[in-house]
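Some notes on the structure that comes next.
The model shown is predicted, which means the values in this text are computed figures rather than measured ones. Numbered from 1 within each chain, the chains take letters A, B, ... in sequence-line order.
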Amino acid sequence: MPEFQTTPGTRDILPPDAARWRRFVDVFAGVVESAGYEQIILPMFEDLGVFQRLGDATDVVTKEMYDFVDKGGRHVALRPEQTAGVCRAFVQHHPNLPWKVWYSGPNFRYEKAQQGRYRQFDQVGVEVLGVDDPLLDVEVIALAHGFYRALGLRNVELHVNSLGDTGDRARYVAALESYFRAHEIDLTKESRATLERNPLRVLDSKRAEDRDVISQAPSISEFFSPEAASHFAAVQDGLSLLGIDFVVNDRLVRGLDYYRSTTFEFVSTALDAAQTAVGGGGRYDGLVEDLGGPSTPGIGFAIGLDRTLLACDAESVFGIDSSGTDVFVVDATGGRSALLLTAELRNAGLRADRAFGAKSMKSQMKSANKSRATVAVIIGEDELARGVATVRPMDGGEQSECPLGQVVATVTDIVKKAK
RNA sequence: GUGGGCGUAGCUCAGCCUGGUUAGAGCGUCAGGUUGUGGCCCUGAAGGCCGGGGGUUCAAGUCCCCUCGCUCACCCCA
């Protein structure tokens, strides 16, 4: 056991997995940039106050924030998500409306790790500030949906709900609380504890003993104002227009206090774990105002890399990319020829690798094979003396000789044909 | 923070119940299999304070306690 290891809840993403992570973000960027979203890069830690707006009644702020006091006495927190940071940046910089941004990168929470949940976890996501059109909700949901499809995932369900406007939500929470209080005796003690903190979250209980009480609980839809009802109807209509399947799940309540109106979640039915949500989001009209800005509607979603990649594994899609190098230079004459040739090949745009340490030709050929090179270029004493190189296709084709000056052209030709 | 399971070679694991000669396998790595050439095959080598500490015993990878870590679940979910 080495003296130092990754600290709990963190881990190294080694090759070749790291390349897969990068492709994941590349695919996401391609999807959202085609819809006019621009990248934003936020600090990884901010004043704790920025994140305290997430909700007082949740454990999120009280025990799961990765916070500390820095040497200047500032109470800061590693960002637990990026929505609050985006809103803070919006208030700080006054961008033109609508502000459509996307982001990727690590977030942090202080809690015990389990499958698909780490203390440092990566997300990609988008936020749009300044538009309350329900058709924007549809666009945002459609982008997430399109991204899952771009990855190749098929077993992802879209759940949508609305929490109504601020007044609706407050009246619903009150009604829910009195309902659960009346049936407290039938709830598990865990759910009774949740009831004390946040009645909405009781709806999220997966415990079988709670199921009956929850199924009889009032639905948020009974509390919709006419405006909230028509907004939600327009969202559903838009999704149908795009041919995106969804289920209305009136038990879907997101945990944070700032959510209003449209909420949605993507659930992988391919995952066999306690955590099956691979992404989610919703409207948070009011968050910008909470952070000291003008009243501004907002909506966004975040998608977790770890869990989404687990879903990809479960569906055997978006696998590790096993593309190797184009050409491997074998030099049995000391290595100076390889130094020169790999430089020339790389300058010509080819992926070229070589061995170091003056190994035997056999050993270097093994390395060439492992590099999955399309072609090997071999320089032995004989070639060096005659000013030529042996070019050997690694798929078993006939090898040939060519003058050193034509190696790049010859290799380029073979690599092109192989593709 | 709470509970269950698990820590033996780089990786996946056997051995532990029923303590006893130099702790094993597969894969991977490295080197060979004559005269300059990969994959398949064959041979060989390197690589382990058996997570750490304490205890029981003539003797501990094996039994007991503690601790650290991983993992699954609970809580919570950004």
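One finds a salt bridge joining D137(A) and R283(A) here, because a Lys/Arg side-chain nitrogen approaches an Asp/Glu carboxylate oxygen to under 4.0 Å. Using a 4.0 Å cut-off between charged nitrogen and carboxylate oxygen, R386(A) and E401(A) count as a salt-bridge pair.
A distance of about 15 Å separates the C1' atoms of A14(B) and C6(B), rounded to the whole Å. Rounded to whole Å, the C1' atom of U67(B) lies 33 Å from the corresponding atom of G26(B). When the C1' atom is used for both G53(B) and C58(B), the distance is 23 Å, rounded to whole Å. Comparing A31(B) with U18(B), their C1' atoms sit 43 Å apart, to the nearest whole Å. Between U8(B) and G52(B), the distance separating the two P atoms is 10 Å to the nearest Å. Rounded to whole Å, the separation between the C1' atoms of G44(B) and G3(B) comes to 50 Å. When the C1' atom is compared between C17(B) and C63(B), the two are found 10 Å apart, to the nearest whole Å. Comparing the C1' positions of A25(B) and G15(B) gives a spacing of 11 Å, expressed to the nearest Å.
For K362(A) and U35(B), the NZ to P distance is 9 Å, given to the nearest whole Å. Rounded to an integer number of Å, the gap from L203(A) CG to C76(B) P is 13 Å. When the P atom of U34(B) is taken as reference, atom CE of M361(A) falls 16 Å away, rounded to whole Å. Between the CE atom of M65(A) and the P atom of C77(B) there is a distance of 13 Å, given to the nearest Å. In this structure, K112(A) atom NZ and U2(B) atom C1' are separated by 8 Å, rounded to whole Å. Rounded to an integer number of Å, the gap from L200(A) CG to C76(B) P is 13 Å. Going from atom CZ of F121(A) over to atom P of C77(B) covers 13 Å, rounded to whole Å. Taking atom CZ on R386(A) and atom P on G36(B), their separation rounds to 14 Å, with Å as the unit.
The base-pairing partner of G38(B), taking Watson-Crick or G-U wobble contacts with both distances under 3.5 Å, does not exist among the strands shown. Judged by Watson-Crick or G-U wobble contacts below 3.5 Å, the nucleotide U22(B) has no partner. Pairing partner, G28(B): none, since no Watson-Crick or wobble contact has both distances short of 3.5 Å. For U57(B), there is no paired base (Watson-Crick or G-U wobble, both distances below 3.5 Å). With a 3.5 Å ceiling on both atom-pair distances, the Watson-Crick or G-U wobble partner of C70(B) is G5(B).
Looking at residues 8-21 of chain A, you'll see P8(A), G9(A) sit with a heavy atom under 4.0 Å from some atom of RNA chain B.
The shortest side-chain heavy-atom distance between F232(A) and V160(A) falls under the 4.5 Å cut-off.
Side-chain N/O atoms of R201(A) include one lying less than 4.0 angstrom from OP1 or OP2 on C77(B).
Within a 6.0 Å sphere centred on CZ of R11(A), heavy atoms belonging to other residues, nucleotides or ligands number more than 12.
If you check U37(B), C77(B), G38(B) against the side chain of I378(A), the one that comes closest is U37(B). Picking from C30(B), C76(B), G39(B) the nucleotide with the shortest atom distance to the side chain of K359(A) gives C30(B). For K370(A), the listed nucleotide lying nearest its side chain is U29(B); candidates were U29(B), C76(B), A31(B). Candidate nucleotides U71(B), C77(B), G38(B) were compared by shortest atom distance to the side chain of N369(A), and G38(B) ranks first.
Counting any heavy atom pair closer than 4.0 Å across all strands shown, Q399(A) reaches a base atom. Residue contacts shown for S367(A) are absent, as no nucleic acid heavy atom lies under 4.0 Å away. Counting any heavy atom pair closer than 4.0 Å across all strands shown, E265(A) reaches no nucleic acid atom.
Atom CZ of residue R74(A) and atom CG of residue D47(A) lie 9.5 Å apart, to the nearest 0.5 angstrom. Here CD1 of I141(A) is found 6.5 Å from OG1 of T262(A). Values are rounded to the nearest 0.5 Å.
Applying salt bridge (charged side-chain N to carboxylate O under 4.0 Å, His left out) to K100(A) and the options E139(A), E127(A), E38(A) leaves one that passes, E139(A).
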Acceptor/donor pairs from residues 39-46 of chain A side chains to any protein atom, 3.5 angstrom cut, sequence neighbours excluded:
| residue | atom | partner | partner atom | Å |
| --- | --- | --- | --- | --- |
| E46(A) | OE1 | R88(A) | NH1 | 2.8 |
| E46(A) | OE2 | R88(A) | NH1 | 2.6 |

Residues 334-344 of chain A side chain polar contacts: donor-acceptor under 3.5 Å, at least two apart:
| residue | atom | partner | partner atom | Å |
| --- | --- | --- | --- | --- |
| T342(A) | OG1 | A338(A) | O | 2.7 |
| T342(A) | OG1 | L339(A) | O | 3.2 |

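Along RNA chain B, the nucleotide nearest E401(A) and the nucleotide nearest A302(A) are compared for position; the residue whose nucleotide lies closer to the 5' end is E401(A). Comparing S363(A) and I379(A) by the nucleotide of RNA chain B whose heavy atom lies nearest to each, the residue mapping closer to the 5' end is S363(A).
In this structure, F147(A) has its ring center closer than 6.0 angstrom to the ring center of F24(A).
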